[in-house]
Amino acid sequence: MSEQPRARTAEGLVEGCWRGEHAVFRGIPYAQPPIGPLRFQAPVPVKGWDGTRQATEFGPVAPQAGPTAESSVGNDWLTLNVSTPALGMARLPVLVWIHGGAYIAGTASDPMYDPAALTSAGLVVVSINYRVAAEGFVLLEGAPANRGFLDQLAALEWVQRNIAAFGGDPHQVTAAGQSAGAGSIAALLTMKRAQGLFRRAIVHSVPGTLCTRALAEEVAAELAGRVGATPDAEALSGIDPLRLADELTALGADLPGHRERWGRLSQIGVAVCPVLDGVVLTETPWKALAGGRTGGIELLVGHTRDEFRLFSVMMGRLGTFTEDEACTALDLFAPAPGGADAYRAAYPQATPEELLELVYSDALFRMPSLWLAQANQAAGGTSYLFELQLAASASGGVLGACHSLDVPLAFGTLDGPVGRHLFGDQPTPEVSAVSWELQQGWVRFATAGDPGWPAHRPERQLTRVLDIESKTLPYPEEASRQIWEGCDPAPFDLT
């Protein structure tokens, strides 16, 4: 192992580095930098190179919005990383990780996504950067919609072309993601171009955040107006990407003032999301699967019990939500007609804050995840479902089983910054056991299509409940499921 690992891609030779017995390659471009005349356009294939390209550093991240936005120097935003236990002709199963971040933030270089444990278990792990925020998802005249999805497609096509050189099997690709990453994969399921690019999918906390073209056009006009431009690609190409990202952050903070016109979107703190544009994304994933317009696949779906708790804590609002705020949440997000009354009847002992957390958790993550599992099964696929009930042990347990808690458990990054924040410097044996079970579920699923528990079928609705003592039970959120039964997850629209 004295020489650094090399792999020959279709575009040229890359040289990575050794990390123990694993070969790691970082910052490999899968498309040209989307700047200048390529800004706001579909990704363009990367040009080949002569000689050896160094692939030891993560690529820069696209300009981001929101309170957790990362920043870096450089504009080569469309890169990916590969971690492999065996170069050459090994033909190992491949896991392609699509990060979350509400479609406005996130990066593959986050230590929470360290692939070392999964690579040690025999997977070739690929992680990708893609355009987010204004660069990836603001709807503009003269530009394709949902550019972040187009980037993901280009990265998956790169995997098909090149992963064999890194020891991976292009016929055994599992796309995996959480939150916006899970929503991305759900959207990819509807696209003809994505067919054949991955065989299986792992999706955690699938978001129900999609919007209509009419709403997306108004948001784009508002954002463009803040920088003195019109909402088209040519005009906004003259605006510095970081300035545009900052204005999107400010617009997110001002969303409550748009409630009368923008309805549900005004309450989620994020101004942009994927749009049903009629070209890249023609309908919601749930309708496409349930209507038989796309076929089912092998699908592992999960959500946490207390999805919204993370956001309550991040906003500094835990313990302060009022009856009026609960009424607003129920009026906007509970299924109509009668959803608000149904929640109060189903949860008669719930406080206003508990009702608010319930309806936000259900509408934004839990029910969309359940619907995707059921729609995939109806489309001829096999769905496996889990709910994480293990609570974060740090900070006195205030986070509960919150959004994103499952990610360091699955990656086995309990000793990373996020893992320590959630579980303390010394995770308990129970936490380590849940981490091992979820991680092995991923590995088994990516290898053979079975995570180790029964499939979720309509007649029994079996769900793996991950906790101090994990069990396989009927779906644990039955009261919420009944409230939402028969309700389509509708895209955000103008009121």
Side-chain angles (χ1 to χ4, degrees), residues 95 172-179 181-192 194-208 210 281-305 307 335 362-388 406 410 438 441-442 444-466 470-490:
L95 186 138
Q172 289 272 45
V173 175
T174 298
Q178 181 262 353
S179 198
S184 297
I185 294 168
L188 292 173
L189 290 175
T190 73
M191 302 177 195
K192 290 184 178 180
Q195 292 179 5
L197 296 182
F198 55 93
R199 178 175 177 176
R200 304 181 178 105
I202 299 171
V203 289
H204 290 204
S205 301
V206 181
L210 298 169
L281 191 59
T282 58
E283 60 184 332
T284 69
W286 306 279
K287 280 192 173 182
L289 284 162
R293 287 175 292 280
T294 187
I297 64 170
E298 293 170 329
L299 185 67
L300 173 57
V301 185
H303 61 67
T304 70
R305 181 189 59 201
E307 288 279 2
D362 284 342
L364 297 178
F365 300 109
R366 297 199 310 191
M367 294 302 107
S369 299
L370 176 63
W371 287 322
L372 192 70
Q374 294 176 338
N376 180 67
Q377 194 274 336
T382 303
S383 299
Y384 299 88
L385 187 65
F386 76 84
E387 176 177 279
L388 179 66
D406 43 350
L438 186 54
W442 274 29
R444 290 182 55 164
F445 183 78
T447 303
D450 181 350
W453 59 81
H456 183 88
R457 303 190 187 282
E459 64 275 11
R460 299 185 66 192
Q461 299 188 19
L462 293 179
T463 306
R464 188 65 174 170
V465 176
L466 300 174
S470 296
K471 299 177 181 178
T472 300
L473 304 168
Y475 184 60
E477 309 304 334
E478 178 62 13
S480 291
R481 188 196 69 79
Q482 289 189 15
I483 292 171
W484 288 86
E485 188 170 16
C487 298
D488 272 336

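Listed by chain and residue number, nothing satisfies the ring pair (Phe, Tyr, Trp, His ring centres under 6.0 Å) test with Tyr384 (two or more places apart in sequence, or in another chain). Among residues two or more places apart in sequence or in another chain, the salt bridge (charged side-chain N to carboxylate O under 4.0 Å, His left out) test is passed with Arg366 by Asp362, Glu477. Scored by the side chain to side chain contact (heavy atoms under 4.5 Å, CB included) test, Ala490 finds Arg264 as partners (sequence neighbours excluded). Partners of Ser383 under the side-chain hydrogen bond (donor to acceptor under 3.5 Å, both in side chains) rule, at least two apart in sequence or in another chain, are Asn376. Considering only residues two or more places apart in sequence or on other chains, Glu485 meets the salt bridge (charged side-chain N to carboxylate O under 4.0 Å, His left out) condition with Arg481. Residues satisfying the side-chain hydrogen bond (donor to acceptor under 3.5 Å, both in side chains) test with Thr472, not counting sequence neighbours, are Arg464. Listed by chain and residue number, Trp286, Trp371 satisfy the side chain to side chain contact (heavy atoms under 4.5 Å, CB included) test with Pro489 (two or more places apart in sequence, or in another chain). Residues meeting the side-chain hydrogen bond (donor to acceptor under 3.5 Å, both in side chains) test with Thr174, sequence neighbours left out: none. For Phe365, the ring pair (Phe, Tyr, Trp, His ring centres under 6.0 Å) partners two or more places apart in sequence, or in a different chain, are His403.
Among residue pairs with one or both ends in residues 372-388, none qualify as salt bridge (Lys or Arg N to Asp or Glu O under 4.0 Å); sequence neighbours excluded.
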- Task: Test Ile202 against Leu95 for side-chain contact (heavy atoms from CB on, under 4.5 Å), laying out the working first.
- Result: CA-CA 9 Å; Ile202 299 171; Leu95 186 138; 4.1 Å; yes
- Task: Using the side chain to side chain donor-acceptor pair (under 3.5 Å) rule, take Glu307 and Ser205 through it: C-alpha gap first, then chi angles, then the decisive distance, then the call.
- Result: CA-CA 8 Å; Glu307 288 279 2; Ser205 301; 2.6 Å; yes
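The shortest side-chain heavy-atom distance between Ile483 and Pro335 falls under the 4.5 Å cut-off. At a threshold of 4.5 Å between non-hydrogen side-chain atoms, the residues Leu438 and Asp406 count as touching. The shortest distance between side-chain heavy atoms of Thr190 and Thr282 does not fall below 4.5 Å. Within the 4.5 Å cutoff, the side chain of Leu372 has heavy atoms near those of the Pro285 side chain. Between Leu188 and Met191, some side-chain heavy-atom pair lies under the 4.5 Å cut-off. Here the side chains of Trp484 and Leu370 are not in contact, with every heavy-atom distance at 4.5 Å or above.
Residues Pro368 and Ala363 share a closest heavy-atom pair of CG-O, 3.4 Å. Ala375 and Ala290 make their closest contact through CB-N, 4.1 Å (heavy atoms, listed as atom of the first residue, atom of the second, distance). Minimum interatomic distance between Val301 and Ser369 (heavy atoms only, all atoms of both residues): CG1-O, 3.3 Å.
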Result block: side-chain N/O donor-acceptor pairs under 3.5 angstrom for residues 292-299, not counting sequence neighbours:
unit_1	atom_1	unit_2	atom_2	d
Arg293	NE	Glu283	OE1	3.1
Arg293	NE	Glu283	OE2	2.7
Arg293	NH2	Glu283	OE1	2.9
Arg293	NH2	Lys287	O	3.1
Thr294	OG1	Leu189	O	2.7
Glu298	OE1	Arg200	NE	2.4

Please list every donor-acceptor pair under 3.5 Å in which a side-chain atom of residues 448-458 meets a protein atom from a residue at least two apart or in another chain.
unit_1	atom_1	unit_2	atom_2	d
Asp450	OD1	Gly452	N	2.9
Trp453	NE1	Leu385	O	3.2
His456	ND1	Leu462	O	3.0

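Here the two rings, on His204 and Phe386, have centers that are under 6.0 Å apart.
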